[in-house]
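The model shown is predicted, which means the values in this text are computed figures rather than measured ones. When a ligand or atom number is given, it counts from 1 through the structure's own listing order. Both backbone and side-chain heavy atoms feed into the values below; hydrogens, waters and symmetry mates do not. Numbers here simply count residues along the sequence, with the first being 1.
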Amino acid sequence: MPLLKSWIDSANSPETDFPLNNLPLGVFTAEGAPRCGVAIGDRILDATGLEEAGLLTLSDTPVLDLPFWNEVMELGPDAWAALRARLQDLLREDAPERDAVAPFLYPMDGAEMHMPFAVAEYTDFYAGRHHATNVGTMFRGAENALPPNWLHIPIGYNGRASSVVVSGTDIRRPWGQVKGPNDAAPRFAPSARFDLELELGAIVGQNSDGPVTVAEADAMIFGYVLLNDWSARDIQAWEYQPLGPFQAKATATTISPWIVMRAALDPFRARTPDREVPLLPHLHEPGPMLYDIALEVELTPDAGPATTIARTNYREMYYSSAQQLAHHTTSGCPMNVGDLLGSGTISGPTKDSRGSLLELSWGGKEPLRVGDLTRSFLEDGDTITLRGAALGDGYRVGFGACSGTLIAALPDPYAR
Ligand code: MN
């Protein structure tokens, strides 16, 4: 698909994340209360204002009156398509309603971004083979790197919706119970091995009642965000057996402020890799369910400058979000509008394509060069920024930045 040209010049630049092909959805404040907005070039289109003015009608009653996109998700896939078609009509190069729309545009620079949707529940998966192999090799040796179930099911755990925050929110270093391999007893201490995980988050836009197929699951996905699943490795190593991560993952999960709708990514679909062992029928994919999305991780120490520490691609995953969602429903587990599914850490096959510091520094044994500094895990004041975009011919469908700064732990919360 070629670049779709807009009357907003900045949307036609090959550098912008937000051409007319993209039209991602967010919640912003320019003046007054938060409103639903759409990114276009270096502007935000006030979708709530368009609805109030009668220029954007998706339902008999207003659905953009609250600062969340959940009500639009609830309307279903026909409404999602109608939304994109109408926005493209209003913003295309020869749009007849250009003069009526212009007053609803705000500069993106200086706008404050909020959570784009209300997160119903949050599940995180472990579906990247390179990541699972690297982590497994460190913890169990290369022979037993992948757990015996790994090639048969997308492994996941139930996370906390309450801890999901939007890009720009500071992350406080957590305290927790830790025990090193040579320690006689556990101690309560600030995490000394605090890490990031580069992931993509899939947003469920429809409810389910009973098991769904992979094709049905794909159709239920409203869109995607970048996701940083902050992880306290020392807390995780002690607590995770046998029920998996708990407090190590509950401090915060950062998402990018713009929801890139599934339709915007459709031209960039990619296949999952060949299966090493055949999957059971309920996990069969009817077509390509991954996306070709170039991803990078940038680390900026307190004193700067920024260094790119990893580059990879979402098509490296072994399981797609649609497979994860289908798997999630096999038990009859109801899925709801606003559920968020983390893909699992997206690492590539090479050393510089690993999506966590745990892997990049090989458990701290090979500290990473970051400009003039080195890092095994994150230091106070470090900012992690995730970026990602599907690359078209002369344009990009991007997510904007997913950024968070680690700030120092508070004093011992129980010393009183
Ligand atoms: Mn994760």
Where the Mn ion (ligand 1) is the vertex, angle from D124 OD2 to E197 OE1 to 10°: 160°
Closest approach to the Mn ion (ligand 1) by E199, given as the N, O or S atom name: OE2
Aromatic F18 / basic R43 pairing, under 6.0 angstrom, 45° off normal: no
T330 side chain to H282 side chain, donor-acceptor N/O pair below 3.5 angstrom: no
Lys NZ or Arg CZ of R375 over F194 ring: under 6.0 Å, within 45°: no
Test: D380 and R173 ion pair at under 4.0 Å: yes
Closest D229 atom to the Mn ion (ligand 1) [N, O or S only]: OD2
